[in-house]
Structure formats: structure tokens, C-alpha cells
Amino acid sequence: MKGGRWRYTRLPSSVEDALSAEEDAEEEEEAAAAPAPEEPLEPQLTEASQVLGASEIRQLSLHLPPRVRGHPWSLVFRTARDGFSLRRLYRQMEGHGGPALLVLRDQDGQMFGAFSSSAIRLSKGFYGTGETFLFSFCPQLKVFNWTGRNSFFVKGDLDSLMVGSGSGQFGLWLDGDLYRGGSQPCATFNNEVLARHEQFCIMELEAWVLS
């Protein structure tokens with residue numbers, strides 16, 4: 001008995017096209033079945049913010065450290081409710097160890113502030129970590145992260161609160177009455193002036209704890 005030989009017969013082009021179309025359809029079905037990328041979790045606020053709108057909150061939450069992203073925002077201080085007093089802000093922050101977010105609106109309607117890696121408190125020196133950053137919606141969101149050039153993150157005196165420093169300039173500072181403030185380029189964050197002017201008046205300030 002002679003051994004058989006395999007013969008290869010080329011499929012007609014119409015058959016090949018039909019098989020190819022079936023494979024493409026299967027691939028499209030698999031792609032459609034794949035889950036879409038999850039949207040970042042929008043933070044839940046214990047109270048509505050009088051400074052930031054929903055759009056600003058969503059944008060800002062994307063720049064928060066992963067460890068706190070999606071955590072609830074608890075309002076611990078608001079000038080409209082608690083008065084214009086830095087000492088009162090410190091008292092309201094007592095007992096909170098989590099990261100804090102300062103947001104404010106000035107006389108020009110500009111919104112800006114700072115994220116601190118720990119709660120705002122009185123201190124003899126600067127404290128915080130490289131997670132700290134400054135931000136401004138003036139008019140679009142700009143975030144100024146740590147440059148690594150120094151560790152002058154946050155310092156709380158009885159008469160002022162400072163975020164970022166270098167060469168005698170402060171990225172953000174607020175006076176003891178939470179009435180006047182200032183912003184200058186500083187080495188800590190290599191930031192721009194957060195407001196329209198280096199000196200500004202505070203119309204509304206909120207302090208949130210993210211934990």
C-alpha cells in the first residue's frame with residue numbers, strides 16, 4: 001500500500017474573506033466585552049464647599065496622593081461659620097492627624113490654596129512631606145509640586161501660617177486674622193503667584209481633613 005500524500009488546496013478568496021470577517025467580528029466582540037477604565041472616585045464631602053464647585057473638586061482630587069484619593073473630605077473650619085481667626089483654625093484642627101486641604105477665595109474671586117500632608121498646627125519649625133503642594137484656579141487649575149530644593153513645607157505661628165519658602169519669600173502665607181495673605185514664587189514649589197496679585201484679601205477660607 002502506497003503512503004498517501006497531503007495536498008494543500010488554496011481556499012477561494014471569497015472563503016478566506018469570510019473567515020477573516022468572522023475573526024474580526026470575534027475580536028470586536030472581545031474588545032466590547034472588556035471593562036472600561038474606571039473613573040477616579042469623586043470625594044464625598046461632609047458639607048458643600050462655599051469656595052470650590054463640583055468641577056474644581058473633581059480636578060483637584062486627581063492630584064491628591066493615592067493614599068487619600070477617594071477619601072471623604074471633612075470640613076473642620078470655615079470662616080463664614082467659625083470666624084476669621086487663625087488661632088481658631090488651629091483649635092479646630094486639634095485631634096485631626098490626617099492630611100489637610102486649605103482652599104480660599106480672595107477679593108478678585110480667585111480660588112487657590114494648599115494641600116498639606118498632615119493637619120495644620122502650631123509649630124516651632126517647618127513640618128510636612130513632599131506630598132505637600134500648592135494649587136491655583138487662576139483661571140485654570142495649576143498644581144505646584146515639591147521641587148526637592150528644601151523642606152520648608154508648612155509652618156504655623158500664632159500670627160501667620162506659611163506654606164513653602166525660600167530666600168525670604170513664601171508660596172502662600174496668611175495673617176493671624178485670616179484677612180490678608182500673600183503669595184510669591186518660592187524654592188519649595190517653584191510656584192507662580194497663586195492669585196492675581198502678590199497681596200490679597202481673604203473673602204472665604206475652608207480647611208478640610210481628608211481621612
Side-chain angles (χ1 to χ4, degrees), residues 40 43 49 51-52 55-69 71 73 77 86 89-90 93 96-157 159-176 178 180-211:
S49 173
V51 177
L52 300 178
S55 176
E56 287 81 21
I57 291 171
R58 282 194 297 270
Q59 293 177 59
L60 190 56
S61 66
L62 295 176
H63 295 274
L64 296 173
R67 68 184 179 95
V68 298
R69 199 173 297 164
H71 285 194
W73 294 17
F77 179 86
L86 182 57
L89 170 58
Y90 292 145
M93 277 282 176
H96 295 283
L101 188 67
L102 287 176
V103 297
L104 59 96
R105 184 177 61 251
D106 68 5
Q107 79 281 0
D108 294 321
Q110 300 302 308
M111 298 173 291
F112 48 93
F115 171 81
S116 172
S117 59
S118 56
I120 304 299
R121 65 179 188 270
L122 272 171
S123 62
K124 293 182 178 179
F126 283 90
Y127 61 89
T129 70
E131 291 179 329
T132 305
F133 63 80
L134 296 173
F135 64 89
S136 173
F137 290 93
C138 190
Q140 302 298 322
L141 174 61
K142 290 184 179 180
V143 173
F144 304 98
N145 294 304
W146 180 41
T147 63
R149 293 173 61 186
N150 63 41
S151 299
F152 300 149
F153 297 115
V154 184
K155 186 174 186 293
D157 293 337
D159 300 321
S160 63
L161 175 66
M162 295 149 283
V163 184
S165 184
S167 302
Q169 301 195 122
F170 301 101
L172 177 66
W173 68 266
L174 310 174
D175 70 6
L178 296 181
R180 295 188 181 279
S183 176
Q184 301 167 316
C186 73
T188 313
F189 303 109
N190 191 31
N191 58 286
E192 301 172 4
V193 175
L194 301 180
R196 287 182 181 174
H197 312 285
E198 289 190 0
Q199 307 294 322
F200 55 82
C201 291
I202 302 168
M203 302 305 293
E204 183 73 50
L205 181 143
E206 297 173 345
W208 301 81
V209 170
L210 283 58
S211 62

Looking at [atom1] of [X] and [atom2] of [Y], how far apart are the two atoms once the value is rounded to the nearest 0.5 Å?
| X | Y | atom1 | atom2 | answer |
| --- | --- | --- | --- | --- |
| L205 | L161 | CG | CG | 9.0 Å |
| L172 | L104 | CG | CG | 6.5 Å |
| Q140 | E56 | CD | CD | 9.5 Å |
| H63 | F135 | NE2 | CZ | 10.5 Å |
| S116 | L210 | OG | CG | 10.5 Å |
| N190 | R149 | CG | CZ | 6.5 Å |

Heavy-atom closest contact ([X] atom, [Y] atom, distance):
| X | Y | answer |
| --- | --- | --- |
| G156 | Y127 | N-CE2, 4.4 Å |
| V154 | S123 | O-OG, 4.5 Å |
| M93 | A119 | SD-CB, 4.1 Å |
| Q59 | F137 | OE1-CE2, 4.1 Å |
| A207 | L89 | CB-CD1, 3.6 Å |
| L86 | D159 | CD2-C, 4.2 Å |

**Report entry** Check against side-chain contact (heavy atoms from CB on, under 4.5 Å), N150 and F126
**Finding:** CA-CA 11 Å; N150 63 41; F126 283 90; over 6 Å; no
Can you tell if the side chain of [X] reaches within under 4.5 Å of the side chain of [Y], non-hydrogen atoms only?
| X | Y | result |
| --- | --- | --- |
| L64 | H71 | no |
| F144 | T188 | no |
| W173 | S165 | no |
| F152 | C186 | no |

Sequence neighbours excluded and cut-off under 3.5 Å, please list the side-chain donor-acceptor pairs for residues 194-203, or say none.
none

Result for side chain to side chain contact (heavy atoms under 4.5 Å, CB included) between R105 and one of E206, E204, Q110 points to E204
When D106, V193, L134 are each screened for side chain to side chain contact (heavy atoms under 4.5 Å, CB included) with F112, the one that passes is D106
[X] side chain vs [Y] backbone, donor-acceptor pair below 3.5 Å:
| X | Y | answer |
| --- | --- | --- |
| T147 | A187 | yes |
| S61 | P43 | no |
| S183 | G171 | yes |
| S167 | Q169 | no |
| D157 | L122 | no |

Query raised in the report: Quick check: are there more than 12 heavy atoms from other residues, nucleotides or ligands sitting under 6.0 Å from CZ of R67?
Result: yes
Please work out which of the three classes, parallel, tilted or perpendicular, describes the rings of F153 and W146, given edges at 30° and 60°. perpendicular
**Steps toward side-chain contact (heavy atoms from CB on, under 4.5 Å) verdict (V68, E131)** = CA-CA 11 Å; V68 298; E131 291 179 329; over 6 Å; no
Next item on the list: Decide side-chain contact (heavy atoms from CB on, under 4.5 Å) for Y90 and I120; before the verdict, give the C-alpha distance in whole Å, the side-chain angles of both, and the deciding distance to 0.1 Å.
Entry: CA-CA 7 Å; Y90 292 145; I120 304 299; 3.9 Å; yes
- Between F189 and V143, does a side-chain contact (heavy atoms from CB on, under 4.5 Å) hold up when you go through it step by step? CA-CA 9 Å; F189 303 109; V143 173; over 6 Å; no
With sequence neighbours left out, the residues meeting side-chain hydrogen bond (donor to acceptor under 3.5 Å, both in side chains) with D108 are none
